[in-house]
Amino acid sequence: MINFTKMHGLGNDFVVIDAINQVISLSAGQIRFMSDRHFGIGFDQLLLVEKATLNEADFKYRIFNADGSEVAQCGNGARCFARFVRDKHLSDKDEICVSTDSGVLVLRFADDNMITVNMGIPKHKPTEIPLLATEESKFYSADIATERRQIDNLSSHVGQRAFGAVSMGNPHAVLQVHDIKTAQVANIGAQLESHAIFPERANIGFMQVIDPHHIKLRVYERGTGETLACGSGACAAVVIGIEQHLLAHDVLVELPGGNLKINWAGRGEPVFMTGPATSVYDGGIAL
Ligand SMILES: N[C@H](CCC[C@H](N)C(=O)O)C(=O)O
């Protein structure tokens, strides 16, 4: 029997497992089964709480998408991680450092039951995202000009403007849309998520700028599809919006599942995300 806690961050839902006090070894197939909303438990991502492997961290934080792929970042999941380790008395610290495959995150309990996460410094170089491009300002290299035409056709067809791309420890592309309600998230999201210009696939954000301090956002997540909220996607959208001189440094990100506060002071600085984390129930599953 594997004990777990079902949690969510603004409706982006997780199964969180204490892999310190339980021996956990799950195959991609078992993760896919557990993520199934009819035959399994159902979740967007599976989060493992493991013993720290770095001196500067309190825990190791591992993240698996619904399709079983292991990834290196999950912002909403990080807030739930903090709530979980406190609720399970694995830590009573007000500030928790967790190591992921993309670096160390600092999770801090804020006022009114919110949690603030230092999501690290965004990476902009195509090789860091990764994105097949010759340089940052151009998202296409000569040898993939056809891809550009495809993307441009795609973009012109659906009224999207050229996208921005950034890594928050996981790859994101962000398209600016005129109306979030009519954005073709499923169609464009699926095509871009696994497009050849993203060698490791990508999370695809659709951003509608309301004013410099407020955006609406929908995200088609790599390995999962559209979710009700995406923390790293909210960070990526604000970074791209600031880079494109559309946004200020403190932004309210309105997602279908609720609101996040994002702050970024600019290049070389970390992104801070503040939002809720909710525990729904404890359960067990025999695989
Ligand atoms: N829901 C997560 C994003 C998961 C990212 C995952 N879909 C990936 O493949 O990078 C968040 O709140 O940041």
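Small disclaimer: the values here were computed from a predicted structure and weren't measured. In each ligand, atom 1 is the first atom listed, and ligand 1 is the first ligand listed. Computed over heavy atoms, backbone and side chain alike; hydrogens, waters and symmetry mates excluded.
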Should you measure from each heavy atom of N76, which atoms of ligand 1 turn up under 4.0 Å away?
11 (C), 12 (O)

Can you check whether Q73 has an N/O within less than 3.5 Å of an N/O in ligand 1?
no

Which atom names give the shortest non-hydrogen contact between C235 and I262, and what distance separates them?
SG-CD1, 4.0 Å

Closest protein heavy atom to atom 4 (C) of ligand 1, given as residue, atom name and distance to 0.1 Å
E221 OE1, 3.2 Å

If you take all heavy atoms of K216 and I180, which pair is closest and at what distance?
O-CD1, 3.9 Å

Looking only at heavy atoms, the pair that brings L260 and C230 closest together is CD1-O, 4.4 Å

Do any heavy atoms of C230 fall under 4.0 Å from ligand 1?
yes

Side chains of V209 and H214 in contact at under 4.5 Å (non-hydrogen atoms)
no

Compute the shortest N/O to N/O distance between C74 and ligand 1 and return yes if it is under 3.5 Å, no if not.
no

Min N/O separation N203 to ligand 1 under 3.5 Å
yes

Counting from 1 in the order shown, the ligand 1 atoms closer than 4.0 Å to a non-hydrogen atom of G231 are 11 (C), 12 (O), 13 (O)

Using a 4.0 Å cut-off to any heavy atom of S232, which atoms of ligand 1 qualify?
3 (C), 11 (C), 12 (O), 13 (O)

Any donor-acceptor pair under 3.5 Å from E50 side chain to K60 backbone:
no

Option nearest atom 9 (O) of ligand 1 (shortest heavy-atom distance, choices H172, R201, R222):
R222

Is it the case that more than 12 heavy atoms not belonging to D111 sit under 6.0 Å from its CG atom?
no

In terms of residue, atom name and distance, what is the protein heavy atom nearest to atom 6 (C) of ligand 1?
N65 OD1, 3.2 Å

N170 side chain to S232 side chain, donor-acceptor N/O pair below 3.5 angstrom
yes

Polar contact flag, side-chain donor to acceptor under 3.5 angstrom, R201-N65:
no

Can you tell me if D44 has a non-hydrogen atom under 4.0 Å from ligand 1?
no

Hey, does G75 come in under 3.5 Å of ligand 1, counting only N/O atoms on both sides?
yes

Quick test: of every protein heavy atom, which one is nearest to atom 5 (C) of ligand 1, and how far off is it to 0.1 Å?
N170 ND2, 3.3 Å

Do S99 side-chain atoms and A57 backbone N/O form a donor-acceptor pair below 3.5 Å?
no

